[in-house]
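Letters A, B, ... are given to chains in the order of the sequence lines, protein chains preceding strands, and every chain is numbered from 1.
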Amino acid sequence: MGKQNELGVTPMSEDVSAWYNELVFKAELADRGPAKGTMVIRPYGYRIWELLQAQLDQRFKDTGHENAYFPLFIPQSYLQREAEHVEGFAPELAVVTHGGGKELEEPLVVRPTSETVIGEMYHRWISSYRDLPVLINAWNNVVRWELRPRIFLRTTEFLWQEGHTAHADEAEAMEETLRMFDVYAEFAENVAAIPMVKGEKTPGERFAGAKRTFTIEGLMRDGKALQSGTSHYLGTNFAEAFDITYQDRENQLRHVHTTSWGMSTRMIGAVILAHGDDQGLVLPPRLAPVQVAIVPIGRGEQAEAVRDKADELREKLTAQGIRVQVDDRDTSPGFRFNDLELKGVPLRVELGPRDLEAGQVLVAQRVGEVDERGRAVKETIGVDAFVAGVQERLDAYHDLLVARARAYRDEHSATADDLATFTEQVKVGFSYALHCGQPGCEDEIKAATAATPRCIPSDGAPEEGPCVRCGEPSTYGTRVAFARAY
RNA sequence: CGGGAUGUAGCGCAGCUUGGUUAGCGCGCCUCGUUCGGGACGAGGAGGUCGCCGGUUCGAAUCCGGCCAUCCCGACCA
């Protein structure tokens, strides 16, 4: 571990990597599992996942999708049916060779993603244009063998959702691909408070087996980009590999066009790295397990009255659908203040003997105005007024986090027209540059600067010119967003 | 798999160079008491096959050999 401050966590400003690792444990989000690359998601972290799941799942339902479950074990031969798909996943597969004490006739792959099993099932389920579209999502765990694991960001086993849809033609499938791409970007901003750079992956960064891949890329506070959700148009690649066909109105046999899209527990890592600070986590209110923490202060005779008042306030807030916790741990108030800040609780309400008679509370916001010692400026407010305005306050806090993250991103984004400028920019964030599109040139850039093309921004202004590295004509019609990435 | 480092209590570390009482320290944990508006204090207490295996020695956390694991840096990835 690095140099820890009085909170027991290396300050983010000093070493983001050490800060991240220590904070994940200290805030009780997760722990390492016994097997390398595995993680245990602890209740506080899992609650964030549940809140994320619920809100994302609602968006899937609103766009017409249904949930289903597909098996963990996939016959090895299935992976091999789609050439690029096998090639892409081969290095990170976990393979089961024995079962029931005997060697298996055919090894089973632990799913790294479910395109192949689902392809097989869609082959069985689809025969007519009347069966289309098929709009299914699955919440599950997948395994991709990792050489350098990091909790939430890159673990051998992780949780996610994978949507898999089948459509009659390319237009409809592309529409679906882009619809879910939009859902992810909207979700990231409106729930996780992270404004994303939206765009398409270059061929070299595309999903194994996809025709087109769309990604949302967040900027973390160490200047690295994090791919946070992807949506793929798979064309007829899997339909051909798994013989997924339907008869259209003219009695013609056609291949379906499929899509797939996913968001994972990595998103929790994005929340930590996009919002956190030296004091610890900063959780966006819509993902915060505890939105308001009430800290009763006082001992002896007053304690009971304070405690009653805290319970009363808790009930009023709960009645409004707010996630509240009375923090009556037997520690000093100062300890609890710091600990609640470490855990990223958006609003802290302090309630002591002084406030009782006045019918008021002190409210401290996790991110906001601070005094000269760097501590939150506390607002004195009447209990009823606080209760009446709490939802509004949380919404405003969400907006503040979005604005803060957007400002940070914009301050750490710039265009570059020569490799020297590019190399400097990529050390702090996104560098927008023209590129020739040659895979070999991407590799050269990566070798020289550690940066990779994150995406071709969807909203990029049209622009042509020489490639930032090799000078050949640019290909994408707009600047490419490059960054170092997780 | 290549390069670097580290394994001593739950966490962070000292002790090893120069072998020798009962292996220490801080934090955390437990008990009792006092405390409570920005990480309180006192007293008492629990917790260790010193990563594993072997060797040297009267004696090994310490010296030697092998192995294992983890972490960091590179090639792959949501």
Side-chain angles (χ1 to χ4, degrees), chain A residues 1-10 15 17-18 21-22 25-26 31-32 34-37 87-93 112-113 141-150 152-162 184 201 204-208 213 215-218 226-232 260-270 279-280 295-300 302-303 306-307 327-342 348-356 360-362 364 370-371 373-378 380 443 446-447 450 452 485-486:
Chain A
M1 300 224 176
K3 286 183 195 164
Q4 302 190 347
N5 60 14
E6 69 281 2
L7 300 178
V9 177
T10 304
D15 181 346
S17 189
N21 288 330
E22 292 163 22
F25 300 137
K26 188 91 180 176
D31 211 338
R32 291 187 198 293
K36 183 184 164 84
E87 200 187 324
F89 280 106
E92 34 185 346
L93 292 180
T113 179
N141 57 337
V142 288
V143 168
R144 298 180 186 178
W145 216 256
E146 281 298 342
L147 303 175
R148 291 193 52 198
R150 293 198 64 189
F152 292 124
L153 300 173
R154 222 189 297 109
T155 46
T156 287
E157 179 190 6
F158 59 90
L159 305 184
W160 75 343
Q161 66 50 225
E162 44 177 326
Y184 285 146
K201 284 293 189 190
E205 295 277 323
R206 224 178 254 153
F207 174 74
T213 289
T215 177
I216 56 172
E217 301 277 332
L226 184 71
Q227 178 174 312
S228 307
T230 47
S231 184
H232 316 289
S260 69
W261 24 274
M263 183 177 274
S264 73
T265 37
R266 169 181 269 191
M267 194 67 192
I268 296 174
Q279 272 61 53
V295 182
I297 295 163
R299 257 294 164 103
Q302 299 155 323
V306 169
R307 177 64 222 221
D327 185 1
D328 59 354
R329 284 177 290 178
D330 187 21
T331 64
S332 72
F335 179 91
R336 284 176 280 170
F337 297 166
N338 283 297
D339 192 60
L340 291 166
E341 284 169 9
L342 179 88
R348 181 178 74 239
V349 173
E350 302 173 19
L351 185 60
R354 292 209 296 266
D355 307 309
L356 233 44
Q360 65 186 32
V361 292
L362 292 190
V370 292
D371 62 21
R373 281 180 300 182
R375 289 171 180 157
V377 172
K378 299 171 190 181
T380 304
D443 295 343
K446 182 165 190 187
T452 51
Y486 276 97

Practice prompt. Could you give the distance separating B:C11 and B:G54 at their P atoms, to the nearest angstrom?
Written response: 26 Å

Discussion item. Mind checking if A:Thr155 touches a base, just sugar-phosphate, or nothing, with heavy atoms under 4.0 Å?
Written reply: base

Fill in: Spacing between A:Trp145 atom CH2 and B:A78 atom P, to the nearest angstrom
18 Å

Worksheet item: Any side-chain N or O of A:Ser264 less than 4.0 Å from the OP1 or OP2 oxygen of B:A78?
Response: no

Worksheet item: B:C77 P sits how many Å from A:Tyr486 OH, rounded?
Response: 18 Å

Worksheet item: How close or far is atom P of B:A75 from atom CD of A:Glu146, stated in whole angstroms?
Response: 14 Å

Practice prompt. Both distances under 3.5 Å, Watson-Crick or G-U wobble: report the partner of B:G44, or none.
Written response: B:C30

Worksheet item: B:A78, B:A40, B:G37: which one has an atom nearest the side-chain heavy atoms of A:Ser332?
Response: B:A40

Worksheet item: Is the backbone N or O of A:Thr230 less than 3.5 Å from a side-chain atom of A:Thr215, with the two atoms forming a donor-acceptor pair by type?
Response: no

Item to complete: Remember a base hit wins even if backbone is also touched, and classify A:Arg336 as base, sugar-phosphate or nothing at under 4.0 Å, heavy atoms.
Response: base

Fill in: Integer angstrom distance from the P of B:A69 to that of B:C52
15 Å

Practice prompt. Provide the Watson-Crick or G-U wobble partner of B:U17, both distances under 3.5 Å; none if there is no partner.
Written response: none

Response to the item:
The residue, A:Pro296 or A:Ala447, whose nearest nucleotide of RNA chain B is more 5′ is A:Pro296

Item to complete: Identify whether any heavy atom of A:Gly262 sits under 4.0 Å from a base atom; if not, whether one sits that close to sugar-phosphate; answer base, sugar-phosphate or nothing.
Response: nothing

Practice prompt. Classify the nucleic acid contact of A:Pro91 as base, sugar-phosphate or nothing, counting any heavy atom under 4.0 Å across all strands shown.
Written response: nothing

Discussion item. Checking base pairs now: Watson-Crick or wobble, both atom distances under 3.5 Å. What partners B:A61?
Written reply: none

Fill in: Pair assignment for B:U6, Watson-Crick or G-U wobble, requiring both distances under 3.5 Å
B:A69

Worksheet item: According to the 5.5 Å centroid and 30° plane-angle thresholds, does A:Trp160 stack upon the nucleobase of B:A78?
Response: no

Worksheet item: What interatomic distance, in whole Å, is found between P of B:G47 and the corresponding atom of B:U6?
Response: 32 Å

Item to complete: Assign A:Thr265 to base, sugar-phosphate, or nothing according to its heavy-atom contacts below 4.0 angstrom with the strands shown.
Response: nothing

Worksheet item: Within 45 degrees of the axis of the six-membered ring of A:Phe337 and under 6.0 Å from its centre: does A:Arg348 put its NZ or CZ there?
Response: yes

Worksheet item: Between A:His232 (NE2) and B:C77 (P), how many Å, whole number?
Response: 12 Å

Worksheet item: Would you say a side-chain N or O of A:Lys26 is under 4.0 Å from OP1 or OP2 of B:G12?
Response: no

Under 3.5 Å between N/O atoms: give me all the protein pairs with nucleotides 68-73 of chain B, atom names plus distance.
residue: B:C73; atom: OP2; partner: A:Arg148; partner atom: NH2; Å: 2.1

Worksheet item: According to the Watson-Crick and G-U wobble definitions, with both distances under 3.5 Å, which nucleotide is paired to B:C77?
Response: none

Discussion item. Nearest to the A:Lys446 side chain among B:C76, B:A78, B:G38, which nucleotide is it?
Written reply: B:C76

